[in-house]
*Asks:* 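Supplied in structure tokens, the structure appears directly below.
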Amino acid sequence: MTSPADAQYMRELETRCRLLERAFLIQEKQVWSQNMLKRLEQGKFLGASTDEEKKKTRQLLEGNLRVSREILDELALELGYESPTVFKLLDPEFVYGAPSDEIPQVLSEQLQKIDARERESGSSHIRSMFRELKLRHDEFLSEVQKRIRDDVDLHSLFATLTVD
């Protein structure tokens with residue numbers, strides 16, 4: 001029989017695991033969207049499509065990226081992360097995107113490149129678990145897709161307002 005403290009601890013671990021799984025799925029969506037945008041710009045994706053179809057696809061992919069960043073930030077806050085750890089170690093007053101003068105610009109740029117490369121390559125090892133995660137978090141991913149559609153609609157509306 002488990003104690004109430006043990007049961008509480010197990011619930012906390014399960015919640016943390018669920019949040020980390022969701023973060024992984026959103027990161028996968030972000031990397032996929034970046035790759036598809038790159039392929040679209042290179043003409044390797046939807047090459048025979050009309051300009052209107054390409055524009056709509058680009059808007060959807062850009063919406064994926066915007067909403068993915070928002071959701072990753074939300075999940076990071078829920079998990080207790082506020083900023084990149086490596087920068088926080090170098091400079092405790094670091095604000096993401098604006099390192100202090102104590103960290104040389106060259107070092108900051110190198111660390112950002114390493115961080116981005118590690119995030120992208122980290123997902124390539126675990127493709128086998130990806131399908132199972134998607135099934136387990138199908139409801140969450142449906143909510144994300146709705147947020148993306150809402151985001152794209154909103155940005156389209158803004159675009160029409162500024163054009164007139």
*Asks:* Is the shortest heavy-atom distance from the side chain of Leu61 to the side chain of Asn64 under 4.5 Å?
*Replies:* yes
*Asks:* Step by step, work out the side-chain contact (heavy atoms from CB on, under 4.5 Å) result for Leu37 and Phe45.
*Replies:* CA-CA 9 Å; Leu37 259 177; Phe45 176 61; over 6 Å; no
*Asks:* So, taking the atom named CG in Leu60 and the one named CZ in Arg149, what distance separates them when rounded to the nearest 0.5 Å?
*Replies:*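 Answer for the CG-CZ pair, Leu60 versus Arg149, is 8.5 Å.
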*Asks:* Answer whether the closest heavy-atom distance between the side chains of Lys44 and Lys38 falls below 4.5 Å.
*Replies:* no
*Asks:* Write down the atom of Gln59, the atom of Arg66, and the distance for their closest heavy-atom approach.
*Replies:* O-NH2, 4.4 Å
*Asks:* Is it true that atom CD of Glu139 has more than 12 heavy atoms of other residues, nucleotides or ligands lying nearer than 6.0 Å?
*Replies:*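 Atom CD in Glu139 is not crowded, with 12 or fewer foreign heavy atoms closer than 6.0 Å.
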*Asks:* Consider only side-chain N and O atoms of Gln30 and Gln34, and report whether a donor and an acceptor are under 3.5 Å apart.
*Replies:* no
*Asks:* Once you round to the nearest 0.5 Å, how far does CD of Glu28 lie from OG of Ser33?
*Replies:* 10.5 Å
*Asks:* Could I get the full list of side-chain hydrogen bond (donor to acceptor under 3.5 Å, both in side chains) partners for Lys146, not counting sequence neighbours?
*Replies:* Asp150
*Asks:* Report the C-alpha separation of His155 and Glu62 in whole Å, then their side-chain angles, then the decisive distance to 0.1 Å, and conclude whether the side-chain contact (heavy atoms from CB on, under 4.5 Å) test is met.
*Replies:* CA-CA 10 Å; His155 277 80; Glu62 289 171 349; over 6 Å; no
*Asks:* Find out whether Lys29 and Ile71 are in side-chain contact, i.e. whether some heavy atom of one side chain is under 4.5 Å from a heavy atom of the other.
*Replies:*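 Answer no - side chains too far apart.
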*Asks:* Take atom NZ in Lys56; do more than 12 heavy atoms of anything else shown fall under 6.0 Å from it?
*Replies:* no
*Asks:* Under a 4.5 Å side-chain heavy-atom rule over Ile, Leu, Val, Met, Phe, Trp and Tyr, are Leu20 and Val144 clustered together?
*Replies:*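 Same cluster: Leu20 reaches Val144 through Ile, Leu, Val, Met, Phe, Trp or Tyr contacts under 4.5 Å.
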*Asks:* First locate atom CG of Leu65, then atom CG of Asp151, and finally report the distance between them rounded to the nearest 0.5 Å.
*Replies:*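 Going from the CG atom of Leu65 to the CG atom of Asp151 covers 10.0 Å.
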*Asks:* Would you give the length of the straight line joining atom CG of Leu75 to atom OG of Ser68, rounded to the nearest 0.5 angstrom?
*Replies:* 10.5 Å
*Asks:* Between Arg39 and Gln42, is there a side-chain donor-acceptor contact under 3.5 Å, judged purely by atom types and distance?
*Replies:*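 No, no side-chain donor-acceptor contact under 3.5 Å.
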*Asks:* How many angstroms lie between atom OG1 of Thr15 and atom CE of Met10, to the nearest 0.5 angstrom?
*Replies:* 11.0 Å
*Asks:* When rounded to the nearest 0.5 angstrom, what is the spacing between CG in Leu40 and CG in Asn35?
*Replies:*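 Between atom CG of Leu40 and atom CG of Asn35 there are 12.5 Å.
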